[in-house]
Amino acid sequence: MQFVMGMDKGFSGKADAALAKMKEAGVTSVETYVLWRDVEGRGQGTFDFSLFDEDLASLKRRSLKWVPFVVMGPWYSTPEWFIRSSKSVPSVCLEHNRAGGNQSIWSPFLREQVKRVLAAFREHYEGEEAIESVLIGISGDYGEAIQTVYGNWPGEYHGHRGYWAGDPYAVESFRNFLLYHYGSLSGINAAWETAYSWEEVRPFIPQRPYAPSARAASDFFKWYRESMTSWADWWLSNLDGWEWDAYLVTGGIDEPEHASSFAQQCKVAAKHGRGVRITNEGSDYATNFMLTRLVSTASRTYGCYFSTEPASYVDERGEVGRAFNAYSSGARAIHEYFYNLFSDLEGTERPNLSALPSGLLRRAGDQKTTTEVGLVISQNARDMGTSWFGSEQLEASRKIREITDFDLLNEDLLRDGVERYRFLLFPYETALDDDVLRRLEEWVGSGGTAIITSIPADLYGDRSTFSSLLGIKEEVIGISQVRPITALGSSGTVSRAYRVEGAQLHAIMTYREEDQKAVVWSRREGTGTLVGVSTAPSSQIFLNALRGTLYGSLEGVKPVKKPYDPIPIEGVYPASTSDRLLVYNSRDDAVTISVAAGKVVVGPNSVYVSG
């Protein structure tokens with residue numbers, strides 16, 4: 001695995017001791033930011049790469065490689081001469097109709113500059129074997145493929161989380177998008193249930209009371225994300241023919257305001273034979289897993305490579321968890337910040353350095369992660385205000401992750417890769433397009449097993465498709481005690497149950513002895529199976545049903561191979577690659593597990609790798 005250390009530029013002659021220690025720790029390369037203003041700050045066409053040439057020479061003396069992060073578009077990277085020119089088109093927020101500091105991704109003038117600067121960079125470094133990979137920073141606060149979030153250097157310019165789509169070129173793009181889909185102004189008005197003039201058709205804050213209709217809001221989000229994806233696609237096209245690996249840098253958690261779609265960004269990276277760097281990790285493994293897994297899943301679905309990077313400080317425990325996450329997810333590279341490991345350029349070590357699992361990092365790299373389980377998240381539902389990343393959802397995901405490894409699948413990945421999975425989990429609210437619902441219905445009928453606590457809905461909240469598949473005839477609210485009747489059952493208190501038909505009951509409650517209302521049930525559909533659970537995804541009832549379904553308690557469902565016994569153990573996480581079992585123990589005490597080779601003791605905050 002490539003191990004990339006992020007450093008400030010201009011370290012040549014100041015960090016020899018630190019570079020030597022980095023090399024010993026398994027670091028393969030050093031990343032520095034190559035801002036547009038750094039290389040062309042004196043005027044258009046006057047390039048100066050000398051500062052970076054000195055740093056590169058210093059790295060080569062230590063047999064280390066360089067990862068340049070070329071950033072254009074964000075305020076802090078843009079030269080003053082361009083900001084003052086007539087070709088500068090700052091992004092404009094919809095909340096205040098005020099210009100920010102970042103350049104608009106819809107500006108035709110920025111494209112001219114990007115082509116020039118990238119061509120100059122390639123010409124200067126062509127044939128340089130000491131470049132490990134190139135990162136491209138196309139937007140965001142620091143170069144991520146997202147819109148402005150907070151801004152950097154607060155107070156220097158207008159910046160905040162919101163929707164940045166108010167400049168003239170954004171308005172033009174939005175209208176062209178709508179014309180492509182609806183053909184005319186009358187077509188737009190019919191779809192949106194409006195009576196707009198052409199001047200009134202412009203980007204809007206996509207929530208009530210600003211959005212004219214649910215369809216209009218859906219159109220806005222689709223255009224907003226496709227615009228960022230198209231911008232990334234165009235940037236990547238300028239790297240076609242470059243001899244180095246290259247990564248599109250992205251960040252955040254696919255929030256609506258960001259305009260990002262990690263799945264779409266991985267898809268266009270694969271189109272150009274490139275990768276994606278996801279920049280959002282912290283110190284907690286289970287949270288990092290949810291932050292990065294969408295990129296990991298998409299990279300394997302579409303065929304691009306990827307790497308991971310923290311968004312802030314990482315503690316000693318986090319170093320081990322991050323290494324496990326990168327290895328078990330199939331990352332090609334992992335990034336760490338210099339000052340998380342060292343106190344100064346002289347190489348004074350922080351405790352994190354000794355915590356690094358260097359052996360694990362050295363043996364990993366582009367390994368094939370294998371899981372037959374997918375967890376469904378809905379970008380549409382997220383746009384409508386339903387989170388799959390709140391504290392309750394994260395806690396449920398943590399408990400599910402202790403039982404099984406899983407991939408994350410949004411609407412794009414369900415369309416393009418659902419056949420890769422035998423099991424799908426539906427623990428959170430969804431708002432799925434009709435074509436995705438049809439795809440899922442076909443998948444179940446062809447042998448898939450769906451484990452459902454939140455019945456999939458369409459864009460308008462209609463759950464009839466999967467309610468019918470689950471055999472639901474009536475929902476009953478106000479339930480108290482559950483009586484178990486099979487291995488899938490579990491006693492406990494619940495708030496609701498269902499009257500179902502054509503299903504096998506696995507746990508029931510009764511108002512009266514003759515009334516049977518399902519809390520956990522299963523129903524066959526074609527050659528597939530649906531498992532319904534009426535409780536929250538963090539409940540023991542659901543977790544028992546999940547474990548039983550995956551590992552062999554449900555008739556007619558071929559189980560997955562159980563990674564070890566006992567499972568689950570709180571704070572212990574299984575994963576498999578094509579040829580190895582991996583187990584991460586994030587606890588402060590050792591655990592003993594039984595694997596195929598016998599009993600194994602996994603120490604505190606450490607990783608077991610078979611073979």
Side-chain angles (χ1 to χ4, degrees), residues 1-39 41 47-71 76-77 121 124-125 128-137 142-143 152-153 244-247 249 277 279 281 283 307-316 318-320 322-323 326 332-362:
M1 179 181 289
Q2 296 167 353
F3 184 7
V4 186
M5 186 65 64
M7 295 183 69
D8 294 332
K9 59 183 176 290
F11 58 79
S12 178
K14 307 172 187 175
D16 286 347
L19 293 176
K21 290 183 178 181
M22 287 160 48
K23 182 70 176 177
E24 291 175 10
V27 171
T28 61
S29 57
V30 167
E31 175 192 323
T32 57
Y33 283 45
V34 180
L35 307 181
W36 181 12
R37 66 168 64 224
D38 290 335
V39 297
F47 288 99
D48 182 2
F49 293 95
S50 59
L51 178 64
F52 301 100
D53 293 342
E54 292 172 8
D55 285 345
L56 178 57
S58 182
L59 293 174
K60 291 165 78 170
R61 286 194 294 271
R62 291 289 178 181
S63 298
L64 290 165
K65 293 193 173 185
W66 183 36
V67 177
F69 182 18
V70 181
V71 183
Y76 81 121
S77 71
F121 179 92
H124 186 78
Y125 289 108
E128 180 54 74
E129 296 180 355
I131 292 180
E132 184 175 79
S133 61
V134 176
L135 309 180
I136 54 171
Y142 296 96
N152 46 37
W153 283 267
W244 311 290
D245 280 357
Y247 293 84
V249 175
R277 161 78 68 81
T279 308
E281 285 188 298
S283 297
S307 63
T308 61
E309 177 182 336
S312 59
Y313 171 72
V314 176
D315 62 23
E316 295 172 62
E319 298 290 357
V320 180
R322 286 197 64 230
R332 177 172 293 188
I334 186 171
H335 170 285
E336 180 56 291
Y337 291 110
F338 177 83
Y339 286 106
N340 280 345
L341 302 182
F342 299 97
S343 299
D344 49 50
L345 292 177
E346 285 72 40
T348 304
E349 299 177 13
R350 293 185 184 274
N352 285 29
L353 185 63
S354 59
L356 277 177
S358 298
L360 183 65
L361 294 174
R362 286 191 175 99

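Side-chain atoms are counted along with the backbone in the values below, which use heavy atoms only and exclude waters and symmetry mates. In what follows, residues are counted from 1 in the order of the sequence shown.
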Check your understanding: Any donor-acceptor pair under 3.5 Å linking the side chain of T308 with the backbone of A326?
Key -> no

**Study point:** Validation row: R277, T279 side chains within 4.5 angstrom (heavy atoms)
**Key:** yes

Practice item. In sequence, state the C-alpha distance, the side-chain angles, and the governing distance for Y339 and Y313, and then conclude on ring-ring contact (aromatic ring centres under 6.0 Å, His included). Key: CA-CA 9 Å; Y339 286 106; Y313 171 72; over 10 Å; no

Check your understanding: What heavy-atom pair brings G10 and L51 nearest, and what distance separates the two atoms?
Key -> CA-CD1, 3.7 Å

Check your understanding: F49: what forms a ring pair (Phe, Tyr, Trp, His ring centres under 6.0 Å) with it, not counting sequence neighbours?
Key -> H124, Y125

**Study point:** Under the salt bridge (charged side-chain N to carboxylate O under 4.0 Å, His left out) test, residues paired with K14 that sit two or more places apart
**Key:** none

Practice item. Evaluate the side-chain proximity of E309 to V4: yes if any heavy-atom separation is below 4.5 Å, no if none is. Key: no

Review point. Could you give all pairs that pass the ring pair (Phe, Tyr, Trp, His ring centres under 6.0 Å) test and reach residues 14-34, with sequence neighbours left out?
Key: Y33-F69

Exercise for review: Supply the atom-to-atom distance D344 CG to E349 CD, rounded to the nearest 0.5 angstrom.
Suggested key: 10.5 Å

Check your understanding: Say you draw a straight line from CD of E31 to CG of D8; how long is it, rounded to the nearest 0.5 Å?
Key -> 11.0 Å

Check your understanding: Is V71 close to V249 at the side-chain level, that is, under 4.5 Å between some pair of heavy atoms?
Key -> no

Practice item. For this output row, return yes or no: ring centroids of F121 and F47 closer than 6.0 angstrom. Key: no

Check your understanding: Where do G13 and S58 come nearest, in terms of heavy atoms and distance?
Key -> N-OG, 4.4 Å

Check your understanding: Between the side chain of K23 and the main-chain N/O of S63, is any donor-acceptor distance below 3.5 Å?
Key -> yes

Exercise for review: Could you tell me whether the side chain of M1 reaches within less than 4.5 Å of the side chain of T28, counting heavy atoms only?
Suggested key: no

Revision key, fill the gap. Shortest non-hydrogen pair, E346 vs A17, comes out as O-CB, 3.2 Å

Point to revise | D245 to E132 - nearest heavy-atom pair and separation | key: CB-O, 4.0 Å

Check your understanding: With distance as the sole test, does R322 use its side chain to make a donor-acceptor pair with the main-chain N or O of H335 at under 3.5 Å?
Key -> yes

Review point. How many angstroms lie between atom CE of M22 and atom CG of L341, to the nearest 0.5 angstrom?
Key: 8.5 Å

Point to revise | Nearest non-hydrogen partners of L64 and V27, listed with the distance | key: CD2-O, 3.3 Å

Practice item. Report yes or no: do S307 and R332 form a side-chain donor-acceptor pair below 3.5 Å? Key: no

Exercise for review: Mind checking ring pair (Phe, Tyr, Trp, His ring centres under 6.0 Å) for W36 and listing every partner two or more places apart, or none if nothing turns up?
Suggested key: W81, F82

Exercise for review: Enter the distance from R61:CZ to L56:CG here, rounded to the nearest 0.5 Å.
Suggested key: 10.0 Å

Exercise for review: Nearest 0.5 Å please: distance from the CG atom of L59 over to the CD atom of E54.
Suggested key: 12.0 Å

Point to revise | With F342 via ring pair (Phe, Tyr, Trp, His ring centres under 6.0 Å) - residues at least two apart | key: F338

Point to revise | Chi angles and distances behind the side chain to side chain contact (heavy atoms under 4.5 Å, CB included) call for M7, L19 | key: CA-CA 11 Å; M7 295 183 69; L19 293 176; 4.2 Å; yes

**Study point:** Minimum side-chain heavy-atom gap Y247-V67 below 4.5 Å
**Key:** no

Please table the atom pairs, donor to acceptor, closer than 3.5 Å between any side-chain atom in residues 352-361 and protein atoms at least two apart or in another chain.
residue: N352; atom: ND2; partner: V314; partner atom: O; Å: 2.5
residue: N352; atom: ND2; partner: E319; partner atom: OE2; Å: 3.0
residue: N352; atom: ND2; partner: N340; partner atom: O; Å: 3.4
residue: S354; atom: OG; partner: P351; partner atom: O; Å: 2.9
residue: S358; atom: OG; partner: A25; partner atom: O; Å: 3.0

Review point. So how far is it from W66 CH2 to I131 CD1, rounded to the nearest 0.5 Å?
Key: 5.5 Å

